[in-house]
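Notes follow once the structure below has been shown.
Here is how names work: the chains are called A, B, and so on, in the same order as the sequence lines, proteins then strands, and each is numbered from 1. Remember, it's a predicted structure, so these values are computed and weren't measured experimentally.
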Number of protein chains: 2
Amino acid sequence: MIDGSPGAVQGAFRALADPTRRDILVFLSRQDMTISEVASRFDITRAAVKKHLTILEQGALISVHPSGRERINRLEPLGLKSVADWLNYFDRFWDDRLHNLQEAIEEEERQKDD
Amino acid sequence: MIDGSPGAVQGAFRALADPTRRDILVFLSRQDMTISEVASRFDITRAAVKKHLTILEQGALISVHPSGRERINRLEPLGLKSVADWLNYFDRFWDDRLHNLQEAIEEEERQKDD
DNA sequence: TATATGAGATACCAAATGGTATCATGTCAA
DNA sequence: TTGACATGATACCATTTGGTATCTCATATA
């Protein structure tokens, strides 16, 4: 088994599959935001943004902190790290296979230049 | 912008969102396989596996090489690397103290932009 | 040649997904 | 207290997604 905690990894990958959610993570990396603040960055309704934030929270990529009538959304880098850890399994292939691949590509490029 | 080639990153993240597809990648990391060989590892039909392989190919996570009447599916580490590169943006946030520092800097930048 | 086999192509289905609109609730402030 | 505002909750819709079944095509092989 590769996943240390399979469920968590699945939630994180699921959350990252949507481009809007990835953009939200970038925004939150710069600054904590309320739902409305996040929503103001997009052309979709606040309700849709709320759904995205819920999925991000389920994937443990953000945490939510109530403050009065607002809810502050905060990036949780640890969740992203679980994804990076999963990818780490393939690190060794980036060394050998990737090297060979790169050579093959360059060789192909040379042959096109005829 | 974070993505070097946005479309490619989206395709890769989309492909990785499904646990069956992530398992397929692990199998292919050990050994190249035909569609039927991959399908024999799962309890779903060969047609369903074929769909997964198509999505993996669209995400540039595997490549397909016809050989006679068979089609060899091969892991493409380069596609996974594009995902890792996207995640690299968040490397600095894995340390909370760096996060706070970065936040202050970015906030200053943001207020200039408004 | 005849036949078995690997793969492609559709058509179809149930469930999940991303979105909207609408209404309810809690909290701040005048 | 009353109104304004941030959020929660629900119902609903169109599209995508993961899956099956079935048919056809191409290619080994007896």
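- Applying the 4.0 Å criterion to OP1 and OP2 of D:dC5, one finds that A:Ser36 has every side-chain N and O outside that range.
- With rounding to whole Å, A:Leu56 atom CG is found 14 Å from C:dT17 atom C1'.
- Rounded to whole angstrom, the span from the CG atom of A:Leu53 across to the P atom of D:dA6 amounts to 16 Å.
- Residues passing the side chain to side chain donor-acceptor pair (under 3.5 Å) test with B:Lys50, sequence neighbours excluded: B:Thr54.
- Taking A:Arg21 as the reference, A:Ala15, A:Asp18, A:His52, A:Ile55, A:Leu56 meet the side-chain contact (heavy atoms from CB on, under 4.5 Å) condition, with sequence neighbours excluded.
- Against DNA chain D, the stretch residues 59-66 of chain A makes no heavy-atom approach under 4.0 Å.
- Atom pair B:Lys50:NZ and D:dG18:P shows a separation of 14 Å (rounding to whole Å applied).
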Under 3.5 Å, side-chain donor or acceptor atoms of residues 60-69 of chain A against the rest of the protein: list the pairs with distances, not counting sequence neighbours.
from	atom 1	to	atom 2	distance (Å)
A:Ser63	OG	A:His65	NE2	2.7
A:Ser63	OG	A:Glu76	OE2	2.8

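- A:Ile72 and A:Met33 fall into different hydrophobic clusters, defined by Ile, Leu, Val, Met, Phe, Trp and Tyr side-chain heavy atoms under 4.5 Å apart, directly or through other members.
- With sequence neighbours excluded, the residues satisfying side chain to side chain donor-acceptor pair (under 3.5 Å) with B:Arg14 are B:Gln58.
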Practice problem: Go along nucleotides 18-23 of chain C 5' to 3' and tag each nucleotide: B for a protein heavy atom under 4.0 Å from its base, S when only backbone or sugar atoms are that close, - otherwise. | Solution: SBBB--

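- Shown here are the side-chain contact (heavy atoms from CB on, under 4.5 Å) partners of A:Ala17, two or more places apart in sequence or in another chain: B:Ala17.
- Residues A:Tyr89 and B:Ser29 come closest through the heavy atom pair OH-OG, 3.3 Å.
- Distance alone, capped at 3.5 Å, places no donor-acceptor pair between the B:Arg30 side chain and the B:Val26 backbone.
- To the nearest angstrom, C1' of D:dG18 lies 14 Å from CD of B:Gln58.
- Every residue two or more places apart in sequence or in another chain that forms a side-chain contact (heavy atoms from CB on, under 4.5 Å) with A:Asp23 is listed here: A:Phe42.
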Protein and nucleotides 25-30 of chain D: nitrogen or oxygen contacts under 3.5 angstrom:
from	atom 1	to	atom 2	distance (Å)
D:dT27	O2	B:Arg69	NH1	3.1
D:dA28	OP1	B:Arg69	N	3.1

Quiz item: Would A:Leu75 and B:Phe90 count as a side-chain contact (heavy atoms from CB on, under 4.5 Å) if you check the C-alpha gap in whole Å, the side-chain angles of each, and the deciding distance to 0.1 Å?
Solution: CA-CA 10 Å; A:Leu75 181 70; B:Phe90 296 94; 3.9 Å; yes

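- The side-chain contact (heavy atoms from CB on, under 4.5 Å) test applied to A:Ala47 returns A:Thr45, not counting sequence neighbours.
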